[in-house]
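Inspection log for the structure reproduced underneath, given as structure tokens.
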Amino acid sequence: MNKILFGRYVPGTSFVHRMDPRAKLILSLIYIVAVFMANSWSAYVVSFIIALTIIASSGIAPKFFWDGVKPLIGVILLTVVIQVFFGVGGHVYWHWGILSITSDGLLNAVYIAIRFVLIILVSTVLTLSTSPLEISGAIESLFMPLKKIHFPVYEMALMLSIALRFVPTLIDETEKILNAQRSRGANFSSGSIMARLKKLVSILIPLFESAFNRAEELATAMESRGYQGGEGRSKYRVLNYTKNDIIGTIFMMASVALIMVLRNWS
Amino acid sequence: MSSSKINTREIVLSAMIAALYVAITFVFSAISFGPIQFRLAEMLNCLVIYDKRYIWGISLGVLISNMQSSLGIIDITWGTLTTIVTLSIVYLVIRKFSDTKVKMGICVAITTVLMGFLVAIELAYVLKVPFFYTWGTVSLGELGVMLIGAVVIYLLGENVNLSLSARR
């Protein structure tokens with residue numbers, strides 16, 4: 001069950017770890033918007049320093065951040081290549097048919113690559129320092145105002161936490177079924193496409209049946225213990241804004257202000 | 001669901017579908033992430049033709065799976081909204097039809113075009129990649145997985161009762 005590091009969460013007690021998940025969620029959104037606003041070298045340098053500061057205060061090894069960037073290197077390179085060859089404006093260095101390399105195209109390519117890496121780094125800080133349970137708690141709390149328009153916030157929060165609880169169980173189950181079928185001679189990587197799809201069905205049938213049965217048992221257990229809906233239920237972990245969140249917010253506001261000044265000044 | 005009478009069974013079933021989506025995403029993760037979107041769990045989108053209540057579970061599954069994504073919060077919000085919007089539209093269109101195979105075909109067509117369109121907007125905005133090219137490639141990936149999904153979920157539906165009302 002512990003084979004898969006779910007949600008990439010790295011436990012810790014750093015400054016960022018101890019921040020309220022709601023604050024982290026909102027501040028990383030604000031940072032992403034700010035990075036989109038940046039339009040000059042100086043603004044990008046400032047954004048980069050901010051990202052490094054956040055990473056440093058999360059106390060998480062750089063290796064984990066590299067793991068976040070790695071799967072998207074292909075996309076970044078593709079984007080850079082497209083920008084370099086199809087960009088227009090500025091001094092033309094090379095030209096062939098519809099392809100051309102221009103100074104503006106090169107500059108844009110570099111900007112986009114930097115922006116993309118910065119967004120990944122800061123998003124990664126959020127997912128590395130916040131457990132999925134905390135994120136869902138934050139989503140529940142931030143969605144609370146929607147209660148006014150009859151959005152089922154409690155129900156959604158309960159679904160989220162039940163789902164998170166059963167993810168490892170069902171991952172286990174899937175692997176067990178895969179192995180059970182293999183031990184009976186099933187080979188999932190041979191045969192025509194149609195034959196392979198039918199083999200996939202042989203995994204999904206028991207998987208669905210078992211998931212439905214688990215749901216049935218859990219619902220019966222909840223009803224027999226008198227579950228009456230989420231209204232008025234207390235929580236084991238109560239979210240609270242602390243000093244760290246105030247410091248984090250002030251830091252982010254100052255950073256955004258600086259990026260805005262650089263944007264209009266240059 | 002917002003009525004005072006809470007249906008525990010419905011909530012738990014949706015949660016279990018969400019967990020199933022995440023589990024399938026992770027077990028078959030080799031082809032789930034990376035430059036070309038090919039997430040096998042996307043085939044669960046086809047479930048919407050059996051019951052509209054699957055929309056909740058699948059959308060939450062997308063939300064949880066995307067907590068793992070490198071684009072983090074952008075993928076969590078946009079990806080989940082994309083799923084809710086697309087599946088709701090699929091449901092609104094298919095309820096006028098009764099034949100399962102026709103429903104499945106419509107589901108594949110709408111998901112391919114619309115999901116690709118909405119994801120392309122996200123990528124074109126964040127990455128500044130050419131919009132129509134991205135729409136094409138994302139939709140192509142989605143078409144592949146949805147075609148697989150249509151066949152697999154259809155065969156599954158022949159063996160397992162996928163209507164949630166029968167489970168209440």
Side-chain angles (χ1 to χ4, degrees), chain A residues 4 6-8 25 28-29 32 68-69 71-72 74-75 78-79 82-83 86 108 112 116 119-120 123-124 126-127 132 135 150-152 155-156 158-160 162-164 166-167 169-171 173-175 197-198 200-201 204-205 207-209 211-212 214-216 218-219 222-223 227-229, chain B residues 1-2 4-24 26-29 33-36 40 43 56-57 60-61 63-64 67-77 123 125-130 133 148 151-153 155-156 158-162 167:
Chain A
I4 293 154
F6 177 66
R8 300 199 295 190
L25 211 69
S28 51
L29 268 179
I32 290 169
V69 179
L72 286 168
V75 184
L78 181 75
T79 315
I82 289 171
Q83 284 295 328
F86 291 96
N108 264 332
I112 289 165
F116 197 31
I119 291 175
I120 295 173
S123 305
T124 311
L126 176 75
T127 43
I135 295 183
H150 297 293
F151 184 84
E155 287 80 352
M156 189 197 69
L158 179 67
M159 276 186 216
L160 259 179
I162 294 177
L164 285 170
F166 278 95
V167 166
T169 314
L170 290 184
I171 289 177
E173 191 92 9
T174 315
E175 281 173 347
L197 291 188
K198 282 197 174 136
L200 201 56
V201 177
L204 289 181
I205 292 173
L207 194 58
F208 268 76
E209 275 302 340
F212 282 146
R214 274 179 202 282
E216 195 65 32
L218 182 61
M222 283 167 71
E223 277 173 352
Y227 176 73
Q228 295 283 339
Chain B
M1 241 194 289
S2 56
S4 55
K5 184 90 188 82
I6 303 290
N7 191 335
T8 315
R9 261 168 181 48
E10 241 166 62
I11 297 175
V12 176
L13 267 172
S14 294
M16 215 53 86
I17 295 297
L20 204 56
Y21 183 100
V22 183
I24 294 177
F26 279 76
V27 174
F28 303 98
S29 64
F33 295 99
I36 294 155
L40 200 60
M43 67 186 180
W56 278 103
L60 281 183
L63 191 150
I64 299 172
M67 287 181 187
Q68 181 89 353
S69 148
S70 292
L71 281 179
I73 190 71
I74 299 177
D75 260 357
I76 292 177
T77 43
L123 293 179
Y125 190 72
V126 178
L127 291 172
K128 295 272 180 279
V129 285
Y133 169 79
I148 294 174
V151 176
V152 171
I153 301 292
L155 292 174
L156 182 70
E158 301 281 282
N159 291 289
V160 180
N161 188 353
L162 290 173
R167 309 250 169 204

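What's counted below: heavy atoms across the whole structure, side chains too, no hydrogens, waters or symmetry copies. All values derive from a computational prediction rather than experimental measurement. Per chain, numbering begins at 1; letters A, B, ... match sequence-line order.
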Any side-chain heavy atom of Thr77(B) sitting closer than 4.5 Å to one from Leu63(B)? no
Of the backbone (N, CA, C, O) and the side chain (C-beta and beyond), which part of Val152(B) lies under 4.5 Å from a heavy atom of chain A, both, or neither? both
For residues Ile17(B) and Tyr21(B), determine if any side-chain heavy atom of one lies less than 4.5 Å from a side-chain heavy atom of the other. no
When Val151(B), Asn159(B), Leu20(B) are compared by non-hydrogen pairs under 4.5 Å with chain A, the top option: Leu20(B)
Among the listed options Leu29(A), Leu158(A), Leu170(A), the residue most often paired with chain B at heavy-atom distances under 4.5 Å: Leu170(A)
Interface residue of largest heavy-atom contact number with chain A, from Ala15(B), Gly61(B), Ala18(B), Gly57(B), under 4.5 Å: Ala15(B)
Close side-chain approach of Ile11(B) to Trp56(B), heavy-atom, < 4.5 Å: no
Are the side chains of Arg214(A) and Thr169(A) in touch, meaning some heavy atoms are under 4.5 Å apart? yes
